[in-house]
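Just so we're on the same page: letters track the sequence lines, and every chain starts at 1. Keep in mind the model is a prediction, meaning the values are calculated, not measured.
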Number of protein chains: 2
Amino acid sequence: MARASGDDRQREPLSRQEIVRSALALADSEGLDAVTVRRIAAEHGVTHMALYWHFRGKEQLLDGIAEYLFAQIEIPPAAGESWDRRLLFALSAMLAVLRPHPAAAQLTQGRVLSSDAGLRLTEQFLGILREAGFSGEQSAVIATQLFMSVIAFVTGHPGPSRLDDPEGYEAAARTRTALLGALDQARFPNVTAAAAPLARCTEDASYYDSGLELLAGGVRAMAARLPQP
Amino acid sequence: MARASGDDRQREPLSRQEIVRSALALADSEGLDAVTVRRIAAEHGVTHMALYWHFRGKEQLLDGIAEYLFAQIEIPPAAGESWDRRLLFALSAMLAVLRPHPAAAQLTQGRVLSSDAGLRLTEQFLGILREAGFSGEQSAVIATQLFMSVIAFVTGHPGPSRLDDPEGYEAAARTRTALLGALDQARFPNVTAAAAPLARCTEDASYYDSGLELLAGGVRAMAARLPQP
DNA sequence: ACCTGAACACCGTTCAAGT
DNA sequence: ACCTGAACACCGTTCAAGT
């Protein structure tokens, strides 16, 4: 990934895209703390001030990562489908994009309304919710809460990613399981009994299936209580 | 809040509690970035290395903040109540504690299972969910997702807190509303129509009421699909 | 037991300057 | 247009030392 500074004396100019992509790769492999102006610059064989020509500051660089993630979310067109199936598709599309980037997903949390792709996503969710019969205000509230929840499902995934570092992931999961299992059974009967699922429940697809069911079921329940038009 | 270094020549020794409390106050008033070993130390009229006697490092200090927050969550005893009402009480209790600390709440996200008070909370949620008929595995998954969602509802609250800085809050909300309202109405019909609720929906209690309804409704829907015992 | 002083490696940002 | 060099203020951490 790193571009040695010696092997290409005539480097082509950086682009915002390249910078954002290497920042995202850094977040994926070493976490958000590793996303540093200086380290990103080093990846490109450039001094760290070079990035300030492309971004006004680090905050704008992080905005760029969030925008990049939002832009990848493609909600499949499903014109003939019911609103609740379309909602499920939309939530799945978000999860599919964010899951590989548990560290960087954090950056999307406060940036939905300040990125173009985030606004496009919001627009689509509002459309689905309006179709379900919710008012503009209700749709705004529910869309925000769905975004926050989906993002949190992904960022809540602790430690190293299973995809990037499977053996590191395994070791961390085993350690957590052992710690939970060793707790006082009198004080924590349910925790000790469910030590393994608690420690590793975010690892497999069923975790996200359950999350989608929780959210979609909640929205359906709220829709069912709406006054009939 | 700051303790001048001159006014008490015989300072009583620091305690972890005091350090954690001033760190939390700093997060509340200026955000997580302001929570700095050096600034906390200055609040107490002490050099920054003094904190290293009380904490092994900054990470442990942040653990302390999370622990402190979890410890304040008191789920009311409600022995005779149905499981879904007790679930609602438990979620409300979490929200009540976390809402005043939108910045610091972020710290609780990955620390539920590594803090004593977080484990106590987990135990109580698992108890409620087991009573609803979910298996240990299902309860672990759902409890985790409920935690993540509630925390995200609070941390998603952008900008300055309404309680700590009402006029700053108002100004930020107005700016966001104006920005959303000025978007292209052809591309963003629903966003522009709901500009105000989108920009400020996290401000009032109904936002959190809606969030609780969403989550509780989702869990009820999942419980309703369980095979009858 | 509780805190200080000096030192270190690292960070984001500014500003003038180079090509 | 695109990048460098030097400088600055700030950060977390270590380690030996003080009381």
* **Dot-bracket pairing map - DNA chain C, Watson-Crick plus G-U, both contacts under 3.5 Å, | cross-strand** => ||.|||||...|||||.||
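Out of D:dA6, D:dC2, C:dC2, the shortest distance to the side chain of B:Pro13 is found at C:dC2. Of the listed nucleotides (C:dT13, D:dT4, C:dC11), D:dT4 has the atom at the smallest distance from the side chain of A:Thr47. When the nucleotides C:dC3, C:dC11, C:dG12 are ranked by their closest atom to the side chain of A:Tyr52, C:dG12 comes out on top. With D:dT14, C:dA7, C:dC3 as the choices, the nucleotide that has an atom nearest any side-chain atom of B:Ala50 turns out to be C:dC3. Between D:dT4, C:dC3, C:dC11, one nucleotide has an atom nearer to the side chain of B:Val46 than all others, and that is C:dC3. Listed nucleotides C:dC11, C:dC3, D:dG12 differ in distance to B:Lys58; the shortest reach to its side chain belongs to D:dG12.
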* To do: Apply the test side chain to side chain contact (heavy atoms under 4.5 Å, CB included) to residues B:Leu146 and A:Leu214: give CA-CA distance (whole Å), side-chain angles for both, the deciding distance (0.1 Å), then the verdict.
  => CA-CA 9 Å; B:Leu146 292 175; A:Leu214 177 70; 4.3 Å; yes
* Evaluation steps, side chain to side chain contact (heavy atoms under 4.5 Å, CB included), between A:Arg120 and A:Phe70 -> CA-CA 9 Å; A:Arg120 222 196 27 174; A:Phe70 282 130; over 6 Å; no
* Decide side chain to side chain contact (heavy atoms under 4.5 Å, CB included) for A:Asn190 and B:Phe125; before the verdict, give the C-alpha distance in whole Å, the side-chain angles of both, and the deciding distance to 0.1 Å. => CA-CA 9 Å; A:Asn190 289 307; B:Phe125 270 84; over 6 Å; no
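Residues A:Leu69 and A:Gln72 meet the side-chain proximity criterion, which asks for heavy atoms closer than 4.5 Å. Under the 4.5 Å side-chain criterion, counting only non-hydrogen atoms from C-beta, A:Leu121 is in contact with A:Ile75. The closest side-chain heavy-atom distance from A:Val141 to A:Thr144 is not below 4.5 Å.
In this structure, the CG atom of B:Leu51 is 18 Å from the P atom of D:dC15, given to the nearest Å. Going from atom CD of A:Glu12 over to atom P of D:dC3 covers 10 Å, rounded to whole Å. For the pair A:Phe55 CZ and D:dC3 C1', the interatomic distance rounds to 15 Å; values are reported in whole Å. Here C:dC10 presents its P atom at 17 Å from CD1 of A:Ile40, a figure rounded to the nearest Å. For the pair A:His54 NE2 and C:dG12 P, the interatomic distance rounds to 17 Å; values are reported in whole Å.
No side-chain donor-acceptor contact under 3.5 Å links B:Arg200 to the backbone of B:Thr177.
Comparing A:Trp53 and A:His48 by the nucleotide of DNA chain D that holds the closest heavy atom to each, the one mapping nearer the 5' end is A:Trp53. Annotation: of the two residues near DNA chain C, A:Met49 and A:Asp33, the 5′-most nearest-nucleotide partner is A:Asp33.
Neither OP1 nor OP2 of C:dC10 sits under 4.0 Å from any side-chain N or O of A:Thr36.
Between A:Arg56 and A:Asp63 there is no salt bridge, since no side-chain nitrogen of the basic residue lies less than 4.0 Å from a carboxylate oxygen of the acidic one. Under a 4.0 Å N-O distance rule, the pair B:Glu67/B:Arg111 does not qualify as a salt bridge.
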Nucleotide N/O to protein N/O under 3.5 Å, stretch nucleotides 16-19 of chain C:
none

